Visitor: 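Before anything else, here's the structure in question.
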Amino acid sequence: MSVDQNLSAFIWSVADLLRGEYSQSEYKKVILPFTVLRRFDCVMAPTRQAVRDRDKAFPSETPAALLKAAAGLPFYNLSEQDFGTIGSAPAEVRKNLLDYLNGFSADVAEIFDRYDFRVQIDRLDANELLYPVVQKFAGPKLDLSLDKVSNHDMGYLFEELIRKFSELSNETAGEHFTPREVIELMVELLLAPDVDALTGEGKVIDILDPACGTGGMLAAAEEHIRDMNENARINLAGQELNAESYAICRSDMLIKGYDEKTSSFTLGNSFSRDGHDGRTFRYMLANPPFGVEWKKVKDAVTNEHKDRGHAGRFGAGLPRINDGSFLFLQHMMSKMRPVTADVDDKLKGSRIAIVFNGSPLFTGGAGSGESEIRRWIIENDHLEAIVALPDQLFYNTGISTYFWIVTNNKAPRNKGKVVLLDARDQWQKIRKSLGEKRKEISKDQRDHVCRVYRDAFDIADDPEHPDHAKVKIFRNEDFGYQRITIDRPLRQRFEVSEDTLAALAESSAFQKYDLRDELLTGLKNLIGLSETQRTKFREKLFAGYIENSVTVPPDKVEKAVMTVFSVTAPEGEIQTVKGKPVHDPDLRDFENVPLTEDIDEYFEREVRPHVPDAWIAETKDPKTKETIRAKIGYEIPFTRYFYTYTPPRPLEEIDAELKSVEAQIQTLLGQVIS
């Protein structure tokens, strides 16, 4: 029976037992830990007796290293129980199962603690479900030994379980894992420049995924490197927020032979509790949840940003509270190895691959947290490439996604440049939709994308190449812009009318004035007074005060009077303060000037001919408090760069199609009537 068939039979047969006592969203609390336990049991089977014999032969407590050596694994179990004996008698099943759990080495015991497995054992036992569930998992149809189910296939099994449980409970499956073909393409692009450098003796390679889920990305990276160099020493590290995914990842890594010496996995939020503080890595990759909110860790993140600046992880800036994508990338970039001569000359520095949605490309204007982060990444020449992927690739969302490839050691040809690769057409339909996933990238298509990525500069220089339109090379500064504020003068005329008097009556300064009734009565006699010049209007206004025996109001009230009697009008007088024109806030506009262009030259060419009375405003920089004429911003308008205009169809063609459809409708209606 194939892995997929085993999976389907396993899920629904056990779910049938749980239905009623457990809600659908709770099935995973039983099925996931039992699956992990069964996997451990099957993997330990060949050396189980050798471990028991080694333990009995030792006069005192047997050293863990000897027991692991006997097991041939980085874990062991000293219990006399196994899945063949746990359920031998219904009355003894709880006692036997707990004895089996207590026999595991500490690292495995911690995994089941993350599941709160003992709580579920008691609940199953109280509802008389423990014995039938154990019998299901002990059955011969669920042989999870390495001979029957490889580590690679086991990863698929766990991920399929999580996806199905997420659908049942309306959770976000994308928070847990990424489709394998997407992972494989991501890893291939991450390792692309190092194919030759990864071969040879003595290679020690550290890899981190700070949102590792069940460990699928790390597993794919490891397999890829092993294919190139089976003698490489690979050290894996990961951090995961979800306890169940973390437990699956830890169990999978233990079975693969990764112990505390060759791996480092931690549970918790990467933003508030850095599980790998002070460490650096050659390769890092991640698919953080799209649009993840970081409100719960706001204080920790904000304090680190303010107190440590670039000495911490978030010195470049803070994104919006409802999207922590750039926090993940900054976290990873803080762990890049310095490019120094005391490391492998062929593997200097670090490379990062991360999956983003479109938001980090352009969200946030000049001076915003997102723009400042993009600016820091690009100006430091860390962004190597962005690869656009097809939509509908992921299980929980149909939106378009992008790989960002980041490094602190670009190849000479890449320095000062960024590659944009449009791979949105590299997909094929899958036979059956899985959630929102309706497309996949085939092996041939992945190979094609990798070839285009490898030869990007040559393809961009060759207009005749079939993929020329899919590759664009930009200078770093091409993504930068200067945002200038364009002001125009405030033009006003002045009038006394029913509307302006009503506005005056509601103003706070007027309502606090003791002689407000006298003033209002006198002003009513001036309704219809209108002037285009402030000085002339004030002269006539004061003459009206005298004529109507109105006390001249104090400065505060007079200011309120002039404010409400001032009406913005194109034909009005330009208002000034200390000889300088006052800007009209309603006419304020903004222009983005390319970073490489002089703002005054741009203004004279693009703005002045259309609005001759405009000027570039001076503003205060909120950080430095200095007077500036432009804010620097960075964005990557990927879609605009690859936009291809498609002219509309001729009207005659559209009209002919409409007539054809009308004729078909008439024919169908005639058939119905007859």
Side-chain angles (χ1 to χ4, degrees), residues 362-372 480-510 527-541 555-635 637 640:
F362 53 80
T363 299
S368 68
E370 288 91 349
S371 179
E372 288 297 288
Y481 63 90
Q482 305 164 88
R483 186 170 179 81
I484 59 175
T485 302
I486 307 297
D487 277 339
R488 297 173 62 186
L490 177 64
R491 296 177 180 271
Q492 292 179 326
R493 59 182 176 82
F494 308 90
E495 65 178 24
V496 182
S497 65
E498 294 284 357
D499 291 339
T500 56
L501 283 177
L504 176 63
E506 294 177 359
S507 68
S508 59
F510 178 82
I527 290 177
L529 175 62
S530 178
E531 273 291 344
T532 57
Q533 295 183 3
R534 176 181 288 267
T535 302
K536 289 184 178 181
F537 180 78
R538 289 192 69 199
E539 290 174 354
K540 292 182 178 181
L541 188 63
D555 290 345
K556 180 182 286 188
V557 179
E558 186 199 350
K559 184 177 180 180
V561 170
M562 289 302 298
T563 298
V564 297
F565 287 170
S566 304
V567 179
T568 302
E571 74 280 5
E573 179 186 42
I574 294 177
Q575 303 304 299
T576 62
V577 173
K578 296 180 180 180
K580 293 184 177 181
V582 176
H583 80 274
D584 186 339
D586 293 332
L587 295 180
R588 172 164 279 186
D589 203 354
F590 303 92
E591 290 280 333
N592 289 345
V593 182
L595 193 61
T596 54
E597 187 166 351
D598 181 84
I599 61 174
D600 291 304
E601 292 178 1
Y602 177 92
F603 177 80
E604 292 297 330
R605 185 183 71 250
E606 301 292 339
V607 179
R608 179 80 75 186
H610 306 288
V611 279
D613 58 355
W615 68 89
I616 300 174
E618 294 183 345
T619 59
K620 292 284 187 182
D621 187 300
K623 295 179 180 178
T624 65
K625 306 303 180 184
E626 296 178 353
T627 299
I628 58 173
R629 301 178 70 222
K631 285 184 178 180
I632 304 299
Y634 275 79
E635 65 177 7
R640 187 202 310 164

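Predicted model, so just to flag it, every value in this text is computed and none were measured.
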Visitor: Any side-chain heavy atom of V496 sitting closer than 4.5 Å to one from F537?
Guide: yes
Visitor: What distance do R608 atom CZ and W615 atom CH2 have between them, rounded to the nearest 0.5 Å?
Guide: 10.5 Å
Visitor: Which value, rounded to the nearest 0.5 Å, describes the distance between K559 atom NZ and D555 atom CG?
Guide: 10.0 Å
Visitor: Any side-chain heavy atom of L490 within less than 4.5 Å of one from H583?
Guide: no
Visitor: Over all heavy atoms of both residues, which pair between D487 and A617 is shortest? Give the atoms and the distance, please.
Guide: OD2-CB, 3.2 Å
Visitor: Before you tell me yes or no, could you show the steps for D600 and R629 under salt bridge (Lys or Arg N to Asp or Glu O under 4.0 Å), namely the whole-Å CA-CA distance, both residues' side-chain angles and the distance that decides it to 0.1 Å?
Guide: CA-CA 10 Å; D600 291 304; R629 301 178 70 222; 2.9 Å; yes
Visitor: Shortest non-hydrogen contact from E372 to I632?
Guide: OE2-O, 3.9 Å
Visitor: To the closest 0.5 Å, what do you measure between CG (D499) and CZ (F565)?
Guide: 11.5 Å
Visitor: What do the steps show when you test F603 against E591 for side chain to side chain contact (heavy atoms under 4.5 Å, CB included), and what is the final call?
Guide: CA-CA 9 Å; F603 177 80; E591 290 280 333; over 6 Å; no
Visitor: What is the minimum heavy-atom distance between E604 and P609, and which atoms define it?
Guide: O-CD, 3.3 Å
Visitor: Could you check whether any side-chain N or O of Q575 sits under 3.5 Å from a backbone N or O of E573, counting only pairs where one atom can act as donor and the other as acceptor?
Guide: yes
Visitor: Which is it for M562 and F494 under the side chain to side chain contact (heavy atoms under 4.5 Å, CB included) test, yes or no, and what are the steps along the way?
Guide: CA-CA 8 Å; M562 289 302 298; F494 308 90; 4.2 Å; yes
Visitor: Which atom names give the shortest non-hydrogen contact between P489 and L587, and what distance separates them?
Guide: O-CD1, 4.4 Å
Visitor: Check this for me: E498, atom CD, are more than 12 non-hydrogen atoms of other residues, nucleotides or ligands nearer than 6.0 Å?
Guide: no
Visitor: Does any donor atom in the side chain of S371 or S368 lie under 3.5 Å from an acceptor atom in the other side chain?
Guide: no
Visitor: Can a donor-acceptor pair be found, under 3.5 Å and without considering hydrogens, that links the side chain of Y602 to the backbone of P594?
Guide: no
Visitor: Where the side chain of Q482 meets the backbone of E597, is there a donor-acceptor pair that is under 3.5 Å apart?
Guide: yes
Visitor: Drop me the distance from Y634's OH to L595's CG, to the nearest 0.5 angstrom.
Guide: 4.5 Å
Visitor: I527 and S497: which non-hydrogen atoms are nearest, and at how many Å?
Guide: CG2-CA, 4.3 Å
Visitor: Kindly compute the distance separating OG1 (T619) from CZ (R483), expressed to the nearest 0.5 Å.
Guide: 11.0 Å
Visitor: Looking only at heavy atoms, what is the nearest atom pair of T500 and E495, with distance?
Guide: OG1-O, 3.5 Å
Visitor: Show your reasoning for whether side chain to side chain contact (heavy atoms under 4.5 Å, CB included) applies to R491 and D613.
Guide: CA-CA 11 Å; R491 296 177 180 271; D613 58 355; 3.6 Å; yes
Visitor: Quick one: CG on L529 to NZ on K536, what's the gap to the nearest 0.5 Å?
Guide: 12.5 Å
Visitor: I'd like to know if D584 and R488 make a salt bridge, using a cut-off of under 4.0 Å between side-chain N and carboxylate O.
Guide: no
